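Remarks on the structure that follows.
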Amino acid sequence: MSDDDFSPDDVLAARLAPGSAAGAEPAQRDLVAGLEKGLQVIEAFDQDRPRLTIAEVAQRTGLTRAAARRYLITLTHLGFVSQDRRLFALTPKVLRLAQSYMHSARLPRIVQPELHKLAYAMKEASSAGTLDGDDVICIAATSAGRVISATLQPGTRVPAHCTSNGRVLLAALPQAEVDAWIARQSLRAFTPHTVTLPERLRIEIAHARAQGYACVDQELELGLRTIAVPLKNYRGDTVAALNFSVHAQRMTMDQLVEHCLPPLRQSQATLRQLL
């Protein structure tokens, strides 16, 4: 039986099906290089460099200057990028891409209501995130009226190596993948408390795996303490992480575990039945 025996939609679904050979490693002919490179150009902009020249975009994406120029012109034409002389910047229209995920994806829609109940019951900020390369992306967050950190909002990215969400997500990976992940990292120090030694980080991740939770004391921001647990689906696969964030002046690390771990565990159990 060949592809001709099925409709185009059936063939596409089979090629993209999880676990299929094509889904795991798509054929080069099925990839749209222009789309991939266009998204790389969008990702080149970040908080540290919100405005970039053509040369800087080329350097950050690995494109030639001529190619970077064409992609920037196209994105400007489509309204995703604005230009001010030699400098380019993203426009609010880019938020449509994130909004499409937030409105259509099942995970944040399931997590957000439980997150809201958890945060307001404890009067503490809470967030959920997933692992994406070197970082954790926040997919849901509730401040519960407390201004804790600018990173606690959907769509923000934080380094995985120095965050509680990141460590429980890394702990869910096979050890060989953890070792390979650590080997790729520069382990930047964000505060004097940040763990920057590979072996020490490996130990912290092992502790998170053994305990089923991770605590981080002011490694990303001074004054910020966090505790996280993995969120697992009914099959036992870790699909996200859930945490509390508190001011260091308000709560010691022991108090953080004592007061915040039990409700996190309860929400973890509730969500496992839904994921």
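Since the structure is predicted, the reported quantities are computational estimates derived from the model, not experimental observations.
With Gln185 contributing its side chain and Trp181 its backbone, the two residues share a donor-acceptor pair below 3.5 Å. At distances below 3.5 Å, not a single donor-acceptor pair connects side-chain atoms of Arg167 with backbone N or O atoms of Ala208. Remark: side-chain polar atoms of Arg157 are not paired, donor with acceptor, to backbone N or O of Ile137 under 3.5 angstrom. Here the side chain of Arg225 pairs a donor or acceptor atom with the backbone of Ala248 at under 3.5 angstrom. The closest donor-acceptor contact from the side chain of Gln255 to the backbone of Thr252 lies under 3.5 Å. A donor-acceptor pair under 3.5 Å is formed between the side chain of Thr191 and the backbone N or O of His193. When atom types are taken as modelled, the side chain of Ser126 and the backbone of Ala119 share no donor-acceptor pair closer than 3.5 angstrom. The backbone N or O of Phe88 sits nowhere less than 3.5 Å from a side-chain atom of Gln83 that would complete a donor-acceptor pair. The closest donor-acceptor contact from the side chain of Asn243 to the backbone of Ser127 lies under 3.5 Å.
Within the 4.5 Å cutoff, the side chain of Arg265 has heavy atoms near those of the Tyr213 side chain. Between Thr91 and Ser82 the shortest side-chain heavy-atom distance falls below 4.5 Å.
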Given side chain to side chain contact (heavy atoms under 4.5 Å, CB included), test Ile73 with Arg69 step by step and report yes or no.
-> CA-CA 6 Å; Ile73 289 174; Arg69 174 180 174 274; 3.6 Å; yes
Please assess Val41 against Val81 for the test side chain to side chain contact (heavy atoms under 4.5 Å, CB included), listing each intermediate value before the final yes or no.
-> CA-CA 10 Å; Val41 169; Val81 169; 5.7 Å; no
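The pair Arg60-Asp46 counts as a salt bridge, with a side-chain nitrogen and a carboxylate oxygen less than 4.0 angstrom apart.
Under the 4.5 Å side-chain heavy-atom criterion for ILVMFWY residues, no single connected hydrophobic cluster contains both Leu173 and Val216. Leu87 and Tyr71 are assigned to two separate hydrophobic clusters, defined by single-linkage of ILVMFWY side chains at heavy-atom distances under 4.5 Å. Hydrophobic clustering of Ile, Leu, Val, Met, Phe, Trp and Tyr side chains at less than 4.5 Å, counting indirect connections, keeps Val229 apart from Val136. In this structure, Leu95 is not a member of the same hydrophobic cluster as Leu78, with clusters built from ILVMFWY side-chain heavy atoms closer than 4.5 Å. Linking Ile, Leu, Val, Met, Phe, Trp and Tyr residues whenever their side-chain heavy atoms come within less than 4.5 Å leaves Val158 and Leu256 in two separate clusters.
Closest heavy-atom contact between Glu124 and Ser245: OE1-O, 4.1 Å. Residues Arg209 and Val178 come closest through the heavy atom pair NH2-CG2, 3.7 Å. When all heavy atoms of His161 and Val195 are compared, the closest pair comes out as CD2-O, 3.7 Å. Scanning all heavy atoms of the two residues, the minimum distance from Cys138 to Ala141 falls at SG-CB, 3.8 Å. Heavy-atom minimum distance, Gln218 versus Leu222: OE1-C, 3.8 Å. Nearest heavy atoms, Phe45 versus Pro50: CD2-O, 3.4 Å.
Within a 6.0 Å radius of CZ in Arg86, other residues, nucleotides and ligands contribute 12 heavy atoms or fewer. The environment of CZ in Arg184 is crowded: more than 12 heavy-atom neighbours from other residues, nucleotides or ligands sit within 6.0 Å. No more than 12 heavy-atom neighbours from other residues, nucleotides or ligands sit within 6.0 angstrom of CZ on Arg51. Counting heavy atoms of neighbouring residues, nucleotides and ligands inside a 6.0 Å radius, atom CZ of Arg250 exceeds 12 of them. The number of heavy-atom neighbours closer than 6.0 Å to CD of Gln59, taken from other residues, nucleotides and ligands shown, is 12 or below.
Among the candidates Val168, Leu169, Leu170, the single residue satisfying the side chain to side chain contact (heavy atoms under 4.5 Å, CB included) test with Ile205 is Leu170.
Between the side chains of Glu219 and Thr226, no donor-acceptor pair is found at a separation under 3.5 Å. A side-chain donor-acceptor contact under 3.5 Å links Glu114 and Ser267.
A distance of 11.0 Å separates CZ in Arg272 from CG in Leu231, rounded to the nearest 0.5 Å. Expressed to the nearest 0.5 Å, how far CD of Glu258 lies from CE of Met253 amounts to 13.5 Å. Taken from CD1 in Ile227 to NE2 in His259, the straight-line distance is 11.5 Å, to the nearest 0.5 Å. Atoms CG and CD, from Leu275 and Gln268 in turn, are 10.5 Å apart once rounded to the nearest 0.5 Å. Put simply, CZ on Arg188 and OG1 on Thr196 are 12.5 Å apart, with the number rounded to the nearest 0.5 Å. Rounded to the nearest 0.5 angstrom, Leu75 CG and Phe80 CZ are separated by 7.5 Å.
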